[in-house]
A.B. asks: 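Before we start, here is the structure in question, set down as structure tokens.
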Protein chains: 2
Amino acid sequence: MSARVNSALIRQINIARVFHALREHPESSQRDLGRLTGLDKATVSTVVAQLQDLRLVERSEQAKTRRVGRPETALTIPRSAGVLVGVRLEPTTIRVVTTTLTGEVLGHCQLPGSLDVKAALVTVRAVIDRELAEIGEGWASVRAIGVGVPGLMDRTGTLVLAPNLGWRDVPIRSTLEEMFDCPVAVDNDTKAAAIAERLFGLCRTVEDYVYVTGDSGVGGALVLGGRVYRGASGFAGEIGHTKVVPDGRLCGCGRRGCLETYVSEAAILRRLAEQGIDAADIHEVAELAVAGRPEVRALLEEVGRHLGFALSNIVNMLNPTLILLGGNLASVGAHIIPSLETALSEQALGPSAAGVRVRVSPLGEDAVPMGGIALALDCFLAPPRLSVPRG
Amino acid sequence: MSARVNSALIRQINIARVFHALREHPESSQRDLGRLTGLDKATVSTVVAQLQDLRLVERSEQAKTRRVGRPETALTIPRSAGVLVGVRLEPTTIRVVTTTLTGEVLGHCQLPGSLDVKAALVTVRAVIDRELAEIGEGWASVRAIGVGVPGLMDRTGTLVLAPNLGWRDVPIRSTLEEMFDCPVAVDNDTKAAAIAERLFGLCRTVEDYVYVTGDSGVGGALVLGGRVYRGASGFAGEIGHTKVVPDGRLCGCGRRGCLETYVSEAAILRRLAEQGIDAADIHEVAELAVAGRPEVRALLEEVGRHLGFALSNIVNMLNPTLILLGGNLASVGAHIIPSLETALSEQALGPSAAGVRVRVSPLGEDAVPMGGIALALDCFLAPPRLSVPRG
DNA sequence: CAAATTAGATAGACCATCGAACAAAAAACA
DNA sequence: TGTTTTTTGTTCGATGGTCTATCTAATTTG
């Protein structure tokens, strides 16, 4: 019993198409948008008119002239169209990013987090208030808010389980929506970060990729056919407990040799400590590697090898275009990619592996809040999913 | 530059929806179809009228009366609506199944295959001719033909590479379409079989599952969100070369310990032969197991263990609802499932593994030709994929 | 036999895309 | 300098969807 398929839906889809086309190709003319979306110029004309009514699009004053004929009038998504708010909600910190509707960052702000649900959500409000004041905007110009949370979400925006926060069955979305009187979207942090890469990062033209992140554990998200794949109950992408070493190190899950015991930030720090090397966080590890400490380099090389092994099976399985290292893995990306690629090409099978590239996320620290921005964008444009049952 | 989104497309989608609803719920009334598809009864009325014009739907003579009021008139997809043809094209045999438009099997037929492209395609025609004569139908009643091929297909219906056949760059679809003057769809055999399970088998209500088959090698197909997932270049689902035993048996791919060296029919027969047990094919192996031969049982238990290990990582990764054993694995399913499930529950992580079930394909021998039927159905209903770029 | 009830058909409102004709604005040209 | 050419963007009408509301048909109920 999916969404009704009628003309209103068509318009919604085409509005979203045109908007995204303009977001990706600023200063486009209606003719350009027609070419980009495959729509007739007459249709583009009415869609653009509607977007203008919504104050989402403006026409440039000066016209760009091509060779001959009436010059095109460039369209823009103006600053006055409003702002989007992206939130990363974590036990230790709550971080907010504001952007224009095109995704251009306006500012950041963060405050300490809380394990108490109520306190945390109040802090969310406080951070957003502060950030809005900073950039000189009011709540009225906020079009939508997107939140990335380290936990499992269901489809209605309820957080089912978040071990790190100690939360369970929290209706985050509806609570925040009442609090702010503004559209709110909530998703898992890693999945949100993966979507951010698709909209704003390296994957703008990539439909199939694997996003890997390693903080306390090793997380992952699969973007397949341009959308995040969630699996039957939302757990898809959990690669942390792939076995990479038979009878290897003991993992928190009770088994041995899980990827997570070798590749996460926590694991890296622990193993360095065992060798008497103290590093406070992954950035210090990266600095030590850059400085040329051989033990550190060797360890990171091993990390790359293990990760490459785990990814090789995934590559065989899913045949993605790209593997993207995000979160804390991004900081040490340069030091693990060589051995990772070697392991990958040794283990993965010809055709699937041949095309796959490995890259470091360019969004870095802000991947999750930018994922919030992506969610917000989706939610206020309300782009519907449409499919035929079966087939 | 995806398909144009206009009202004709809407009608196409809704026609396909109504047709599939009726296919799954025979003898439905228009009111039922409205409930099933979410469409208004007025819309259903016009859609059904159109389906009647296409001779795809007929109204039953007798009316089913509920408690009170005008009785419903049941609708059917009549036998006279035509037939579908499903083909399995293999080096050794070419097998054809004919069905009604609802997928009810009318008959089978097969002839020896050929490694020569031209000879094979001529044989396809011969088998279909013979089968049509058998069931007393003419070419005029064939609505569409679907073919499953052991090779890699591209989107246009060209076979890119088929090692077993020794073919490369064969435009199968267009060739057959010219030959038969009838819509033809072609897909990889394993992927076709997986789709058959979705339309006619165990997965009618399952959106996310993994289909595994083991003949000469170990193949697989992923059905994610109700559609076959193909990956960036069509290789998705290849699980045969997942490493399950470190420094294990040498594989044809040059590496060691690949799943394929333990789980395929060929591997099972070879390993039994090493123990001095002769079996001509997997069915004999199954018979030996049923008879209680301990070495055979032990080997199949090991097969289940290895397969379970490989699948555990996939389950963690994709969080599917179901794992389906097809092809030759189906014959020995009963003997490998226990150890497979044990391995799975030991290796896979709690939440993802908790829900997953393992089943044997009920379609058996005919899975691939029935996949052809599924392809044919899709292709003549032409259900379009529709999505918004991004998000 | 009339009233109530339900299924299905039909008409009209509404809205979508799209092709074609039209208006607008610039360069090119005589 | 005017006229033509060329290209962009708007508008109108055709076509064709879905949906609401109304109407007709066929049965049970009282």
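Chain A is the first sequence line, chain B the second, and so forth, proteins listed ahead of strands; every chain is numbered from 1.
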A.B. asks: Within the structure provided, determine whether B/Leu101 and B/Leu56 are in side-chain contact (heavy-atom separation under 4.5 Å).
C.D. replies: yes
A.B. asks: For A/Phe180 and A/Trp139, take the angle between the two ring planes, folded into 0 to 90°, and tell me which bin it lands in: parallel under 30, tilted 30 to 60, perpendicular over 60.
C.D. replies: parallel
A.B. asks: Quick check for you: among D/dT10, C/dT17, C/dA11, whose closest atom lies nearest to any side-chain atom of A/Gln30?
C.D. replies: D/dT10
A.B. asks: Using atom CG of B/Asn6 as one end and atom C1' of C/dT17 as the other, report the distance to the nearest whole Å.
C.D. replies: 6 Å
A.B. asks: Identify which nucleotide among C/dT5, C/dC18, D/dT7 has an atom closest to any side-chain atom of A/Val68, counting heavy atoms from C-beta outward.
C.D. replies: D/dT7
A.B. asks: From the list C/dA7, D/dG9, C/dT17, which nucleotide is the closest neighbour of the side chain of A/Val47?
C.D. replies: C/dT17
A.B. asks: Take atom CG of B/Asn14 and atom C1' of C/dA16, then tell me their distance rounded to the nearest Å.
C.D. replies: 14 Å
A.B. asks: So which nucleotide from D/dT6, C/dA24, D/dC19 ends up closest to the side chain of B/Thr43?
C.D. replies: D/dC19
A.B. asks: Grab the CZ-P distance between A/Arg17 and C/dT17 for me, whole Å please.
C.D. replies: 11 Å
A.B. asks: Let me know the distance between NZ of A/Lys41 and C1' of D/dT8, rounded to the nearest Å.
C.D. replies: 7 Å
A.B. asks: Under 4.0 Å: is that the gap between some side-chain N or O of A/Arg59 and OP1 or OP2 of D/dT8?
C.D. replies: no
A.B. asks: Any chance the side chains of A/Asn319 and B/Ser233 put a donor and an acceptor closer than 3.5 Å?
C.D. replies: yes
A.B. asks: Would you call B/Glu207 and B/Arg198 a salt bridge, taking side-chain N to carboxylate O under 4.0 Å as the test?
C.D. replies: yes
A.B. asks: Expressed in angstrom and rounded to an integer, what is the separation of B/Leu75 atom CG from C/dA7 atom C1'?
C.D. replies: 11 Å
A.B. asks: Pick the closest DNA chain D nucleotide for B/Ala42 and for A/Asp40 by heavy atoms, then say which residue is nearer the 5' end.
C.D. replies: A/Asp40
A.B. asks: Which nucleotide wins on minimum distance to the side chain of A/Arg70, given the candidates C/dC18, C/dA25, D/dC19?
C.D. replies: C/dA25
A.B. asks: May I ask you to verify if any side-chain N or O of B/Thr73 is less than 4.0 angstrom from the OP1 or OP2 atom of C/dG8?
C.D. replies: yes
A.B. asks: Rounded to whole angstroms, how far apart are CD1 on B/Ile10 and C1' on D/dG16?
C.D. replies: 10 Å
A.B. asks: Using the side-chain heavy atoms of A/Ser45, tell me which of these nucleotides is nearest: D/dT6, D/dT11, D/dT27.
C.D. replies: D/dT11
A.B. asks: Round to a whole Å and report the spacing from CZ of A/Arg31 to P of D/dT10.
C.D. replies: 15 Å
A.B. asks: Less than 4.0 Å between a side-chain N and a carboxylate O, is that true for A/Glu137 and A/Arg79?
C.D. replies: yes
A.B. asks: Nearest whole angstrom, please: distance from the P of D/dG16 to the CZ of A/Arg11.
C.D. replies: 20 Å
